[in-house]
Peer 1: 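After the structure tokens below, expect a handful of questions from me.
Computed from a predicted model, the values in this text were never measured in an experiment. Just so it is clear: chains get the letters A, B, ... in the order the sequence lines come, proteins before strands, and each one is counted from 1.
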Amino acid sequence: MVEQRYLGLETPEERLQFCDAYFRAVGAPCVFQSDFYREYELPRDVDKELTDRPYYWLWVEQTGQQVPNTILRLAFNETALERENKRLRDEAWQKFEASHPSEIERMFFRPPTAEWLTLGSFRLQKILESLDSRGRWVCAAEPVTEGAQLIPWLVVNGIISYRCDLVEQRWVSIGVCLVTGQTVVRFTQLLEARTMKPADPHALLRRARVPLMEALRLAQQRLLACAADKPGAWADQARARLQAEMRHVRLYYDSLIRDTDEQDAVVFAAERDRKLAELERTISPRIEGDIVQLGLIGLVQ
Amino acid sequence: MSIDLGADLQTISASVPVVWNDDWAIRWLQAGPDGWPAPTDADWDLFRLCEIGRRARLAGSIDKLMALEHLQGFTPLPHQVRTAERVVRELRGRAILADEVGLGKTIEAGLILKEYMLRGLARKVLILVPASLVLQWTRELNEKFRIGCVAQRNEWTWTQHDVVVASLDTAKREPHRSIVLATDWDFVIVDEAHKLKNPKTKNWQFVNAIPNKFMLLLTATPMQNDLRELHTLVTLLRPGHLGSGREFAETHMVTSREAKDAEKLRASVSTLMIRNRRMDGGATLPPRHVQVVGLDLSPEERALYEAVQHFLREEYELRKAAHGSMLPLITLQREICSSPYAAMVTLEKMHKRTKREETRARIEALLDLASKIQRYTKVEAVLRMLRDIPDKCIVFTEYRATQDFLLYMLKRSGISAVPFRGGFGRGKKDWMKDLFQRRVQVLVATESGGEGINLQFCRYMINFDLPWNPMRLEQRIGRIHRLGQEREVYVYHLAIRNTIESHIVQLLEEKIRMFEAVIGELDHILGDGGALLRELEADILEAAMTAENDTDLRQRLDAAGQRFMDRLTQSNRRPSRSQGGPA
């Protein structure tokens with residue numbers, strides 16, 4: 001169960017708790033732990049998602065190799081990284097020397113090392129990508145006590161992007177009651193305190209009166225209403241900037257075209273049109289709505 | 001695929017269009033329970049974790065750079081962060097980064113690029129750099145910024161990879177050119193952008209034709225000899241921002257090197273260009289000491305110098321009458337100040353080309369005079385100085401012939417030295433740099449080889465000859481006086497007394513002041529030289545070639561300098577701030 005206090009990934013503590021929860025959820029046991037350091041044993045499917053080595057897996061699977069599971073060694077701060085790397089090095093050399101290696105073997109011996117999991121690191125990026133796919137759908141319900149009934153809700157989590165030559169994004173979570181069609185914003189926040197168990201979608205949908213596609217339409221309507229909350233100044237400013245830039249470009253090329261022969265004028269006109277189109281594409285304000293997660297949730301009435 | 005939300009729901013207030021990315025959601029819901037995977041115990045946790053991960057990656061307000069959280073193994077300096085913030089917030093991703101050499105323009109560009117990538121504004125990225133810097137850029141972006149980029153290798157690289165680092169010279173040639181120009185790049189970076197100062201060149205026309213949304217031009221020297229160069233660079237970023245070429249000249253120029261109102265021009269340019277200077281304290285560098293070392297030629301060298309001057313003047317008159325090219329004469333004039341060996345290369349070329357028997361005989365006589373020289377004043381000075389310098393030293397020259405000659409003379413004197421020049425491949429450059437760092441005392445480098453190499457482990461530099469261009473001089477010094485240098489830096493300019501070279505120091509100072517007037521101050525790179533400002537470079541050359549004697553030359557230069565000073569004073573008296581902002 002993911003504890004509810006996770007708010008982000010900004011601090012080492014948050015990242016450590018996030019990783020513990022992720023690896024527990026994907027069935028990768030923690031085989032060693034110390035202060036700000038973990039070693040997780042990766043099942044093959046998780047290993048494939050977190051490390052880019054398709055040829056290795058092709059070789060393993062084509063030749064029927066029995067390979068041990070990978071141990072992922074993650075340090076969450078620099079102190080842990082240095083401390084654990086030293087421990088790993090010392091332990092590995094001790095074990096290695098005990099096997100009486102040859103000079104050649106000694107030359108090529110490399111002890112294992114830990115990796116530092118930071119925001120923007122390759123491994124965290126892969127974990128997030130893995131979650132984007134594994135966590136985009138859920139069908140769950142609250143445990144039902146005797147006599148209680150479950151109300152089905154469709155959860156639609158999306159990102160609203162306000163785009164011009166800059167971008168600002170907002171997270172919106174909408175719940176649509178599949179019985180009444182009622183919509184609720186910040187829906188996942190409302191679920192934080194509740195316990196959820198896997199549920200049978202057929203059973204949940206039995207009481208639904210609102211078709212799923214209609215529920216999605218209602219959710220998108222509400223998402224748009226949320227998007228419209230932001231004052232329109234950003235869009236007005238972007239449009240003003242676009243007009244000013246376009247005016248400059250037109251004046252510049254018109255003056256070139258005036259002073260040149262017909263053949264060059266055609267070339268300049270084409271260049272002007274291309275630059276105007278580029279400006280339009282870059283600066284024109286627009287809103288993008290991305291649906292990134294869906295869920296069918298049963299809540300006790 | 002999209003749901004019909006009704007006309008009123010496809011746009012919101014102030015008619016901002018809305019685009020939905022909901023294809024998968026529609027497919028998923030249409031598939032229904034029979035098409036969904038069987039629920040598992042982990043689903044709820046994964047769902048919640050996915051939300052945390054998604055929210056952590058949202059592009060927040062621009063008050064804070066997201067990129068700062070994603071760096072590896074280094075902390076950018078305050079001026080670099082400020083620059084990145086300004087480019088993102090105010091300049092909107094189109095800027096000239098014109099920091100003085102050694103203040104970390106690459107770091108600034110990396111920060112800005114990372115920010116745009118994290119915010120999802122840049123995916124397809126093109127980075128054009130000199131060939132010698134392709135691998136260095138690729139390494140830095142990968143290691144410091146964790147931007148997965150590749151060095152361009154073949155014509156497929158452009159489309160197979162999102163972030164490509166390539167040499168401008170390769171990219172502008174077919175078959176690459178057509179592919180690059182047919183690709184919609186989100187972000188384009190051009191390093192050493194002073195190579196784009198002429199709109200008639202293939203370089204400029206190529207970069208101007210690259211489709212892009214955001215563009216950074218990196219150069220320590222956005223303007224070298226002509227104010228129009230600024231207009232040319234600005235036109236790549238924002239055509240018309242400084243008006244057309246003619247309007248720019250009318251509004252901002254008295255001559256090609258003199259701004260009507262420097263303050264006003266600077267204000268216009270500041271919305272597009274950021275220049276950090278060491279003096280601002282953005283980066284604390286140890287002090288640099290610049291000293292001009294005056295030398296007297298030996299009688300044999302003086303005889304050759306005077307004979308070459310005599311020859312140059314006569315040729316100048318002949319060519320002027322026949323409207324012939326002055327370029328070989330300018331080259332010879334510069335080479336003779338470097339070394340007889342350098343001059344001999346041009347003399348031999350002229351000997352081959354000329355059809356006049358008389359000229360041929362004159363050149364033969366000059367070559368004969370050159371071959372009789374036994375002692376080389378400048379070389380002896382270098383050997384003397386190297387004996388006194390207790391450390392590694394880089395010797396810069398403009399000419400390959402001088403470089404070879406110097407290496408030979410150093411070897412003969414038992415001083416270990418290696419060459420460094422533009423023609424070397426990356427591997428050989430790294431090897432020479434490594435040898436210099438670990439084994440030998442002296443690196444003899446030519447101008448082109450010096451571009452993009454960092455030699456902070458060295459703190460002594462001798463300029464065997466001086467470039468005509470103050471920005472090139474600044475770039476030379478920037479090789480050792482840059483971030484990472486922890487000790488005081490000593491730079492020596494060799495200048496022969498009573499030759500045109502002795503005037504060059506002053507000429508350089510004049511150009512630097514012109515540069516400072518518009519762009520902002522440079523470091524004081526010419527030591528405590530006189531304050532006399534000189535007339536334009538062409539006037540100097542003309543004076544040098546037509547002056548009766550050195551006194552005459554000096555008088556004419558003084559007069560030209562006074563004219564320049566008068567105009568400068570006049571322009572400073574003009575009201576500036578009241579005339580408003582950008583053109």
Peer 1: Is there side-chain contact between Arg136(A) and Leu46(B), with at least one heavy-atom pair below 4.5 Å?
Peer 2: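 The answer is no; the side chains never approach within 4.5 Å.
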Peer 1: Chain B heavy atoms under 4.5 Å from Leu124(A): which part of the residue, side chain, backbone, both or neither?
Peer 2: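 When you check distances to chain B, no heavy atom of Leu124(A) falls under 4.5 Å.
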Peer 1: Just how far is it from atom CD of Gln220(A) to atom CG of Asp22(B), taken to the nearest 0.5 Å?
Peer 2: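 It comes to 4.5 Å.
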Peer 1: Is chain A contacted by the side chain of Tyr116(B), its backbone, both, or neither, given a heavy-atom distance below 4.5 Å?
Peer 2: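 The side chain, not the backbone.
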Peer 1: Please look at Arg241(A) and chain B and tell me whether the side chain, the backbone, both or neither of the residue comes under 4.5 angstrom of a heavy atom of that chain.
Peer 2: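 Arg241(A) touches chain B through side-chain heavy atoms alone.
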Peer 1: Side chain, backbone, both or neither: which part of Ala59(B) has an atom under 4.5 Å from a heavy atom of chain A?
Peer 2: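 Both parts, backbone and side chain.
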Peer 1: Can you tell which part of Lys197(A) gets under 4.5 Å to a heavy atom of chain B, answering side chain, backbone, both or neither?
Peer 2: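 Neither the backbone nor the side chain of Lys197(A) comes within 4.5 Å of chain B.
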Peer 1: Can you tell me how far CG of Leu181(B) sits from CZ of Arg274(A), rounded to the nearest 0.5 angstrom?
Peer 2: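 Interatomic distance, Arg274(A) CZ to Leu181(B) CG, rounded to 0.5 Å: 8.0 Å.
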Peer 1: Below 4.5 Å, heavy atoms only, C-beta onward: do Val88(B) and Leu166(A) meet side chain to side chain?
Peer 2: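 With C-beta onward as the side chain, the pair touches.
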Peer 1: By a 4.5 Å heavy-atom criterion (distance strictly below it), what part of Ala244(A) contacts chain B: side chain, backbone, both, or neither?
Peer 2: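 Neither the backbone nor the side chain of Ala244(A) comes within 4.5 Å of chain B.
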Peer 1: For chain A, find which of Arg54(B), Arg119(B), Arg238(B) contributes the most heavy-atom pairs closer than 4.5 angstrom.
Peer 2: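 So the answer, after comparing Arg54(B), Arg119(B), Arg238(B), is Arg54(B).
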Peer 1: If you round to the nearest 0.5 Å, how far is CE of Met213(A) from CD1 of Ile26(B)?
Peer 2: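 Reported value, rounded in 0.5 Å steps: 5.0 Å.
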Peer 1: Can you find a pair of side-chain heavy atoms, one from Thr188(A) and one from Glu51(B), that are under 4.5 Å apart?
Peer 2: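 Side chain of Thr188(A) against side chain of Glu51(B), heavy atoms only: contact under 4.5 Å found.
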Peer 1: Between Arg94(B) and Asp165(A), is there a salt bridge with N-O shorter than 4.0 Å?
Peer 2: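 Answer for the salt bridge query: no.
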Peer 1: Is any side-chain heavy atom of Leu223(A) closer than 4.5 Å to a side-chain heavy atom of Trp20(B)?
Peer 2: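 When only atoms from C-beta onward are counted, Trp20(B) and Leu223(A) do touch, with a gap below 4.5 Å.
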Peer 1: Any chance you could measure Trp36(B), atom CH2, to Trp137(A), atom CH2, to the nearest 0.5 Å?
Peer 2: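 These two atoms lie 3.5 Å from each other.
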Peer 1: Only pairs of heavy atoms separated by less than 4.5 Å count here; which of Arg246(B), Glu247(B), Arg89(B) has the most with chain A?
Peer 2: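 Of the candidates given, the most pairs with chain A belong to Arg246(B).
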Peer 1: Where does Glu271(A) contact chain B at under 4.5 Å (heavy atoms): side chain, backbone, both or neither?
Peer 2: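 For Glu271(A), the side chain is the part near chain B, not the backbone.
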Peer 1: Would you say that Pro37(B) contacts Cys139(A) through its side chain, given a criterion of any heavy-atom pair below 4.5 Å between the two side chains?
Peer 2: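 No, too far: nothing below the 4.5 Å cut-off.
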Peer 1: Could you check which of Ile159(A), Leu251(A), Asp200(A) has the highest count of heavy-atom pairs closer than 4.5 Å to chain B?
Peer 2: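 Maximum pair count with chain B is reached by Ile159(A).
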Peer 1: Is Ser61(B) in contact with chain A via its backbone, its side chain, both, or neither, using a 4.5 Å heavy-atom distance?
Peer 2: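 Contact with chain A is through both the backbone and side chain of Ser61(B).
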Peer 1: Checking heavy atoms, do the side chain of Leu256(A), its backbone, both or neither come under 4.5 Å from chain B?
Peer 2: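 Neither part; nothing is under 4.5 Å.
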Peer 1: Examine whether an atom of Asn208(B) lies under 4.5 Å from a heavy atom of chain A, and if so say whether it belongs to the side chain, the backbone or both; otherwise answer neither.
Peer 2: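 Both backbone and side chain.
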Peer 1: Highest number of heavy-atom pairs under 4.5 Å with chain A: which of Gly93(B), Gly53(B), Ala209(B)?
Peer 2: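 With the most close heavy-atom pairs to chain A, the winner is Ala209(B).
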Peer 1: Can you find a heavy atom in the side chain of Leu191(A) that is under 4.5 Å from one in the side chain of Trp44(B)?
Peer 2: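 Contact flag for Leu191(A)/Trp44(B) side chains = yes.
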Peer 1: Please classify the contact between Ile297(A) and chain B as side chain, backbone, both or neither, with a heavy-atom cut-off of under 4.5 Å.
Peer 2: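 Contact with chain B is through the side chain of Ile297(A) alone.
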Peer 1: Can you tell whether the side chains of Asp132(A) and Arg57(B) come within less than 4.0 Å, N to carboxylate O?
Peer 2: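 Result for this pair is yes, salt bridge flagged.
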Peer 1: Between Arg134(A) and Cys50(B), is any pair of side-chain heavy atoms under 4.5 Å apart?
Peer 2: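 Not in contact.
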Peer 1: Pairing donors with acceptors under 3.5 angstrom, does anything connect the side chains of Arg258(A) and Ser244(B)?
Peer 2: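 Side-chain D/A pair, Arg258(A) to Ser244(B): absent.
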Peer 1: In the structure I gave you, are the side-chain heavy atoms of Leu294(A) and Trp24(B) within less than 4.5 Å of one another anywhere?
Peer 2: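 Side-chain contact under 4.5 Å: yes.
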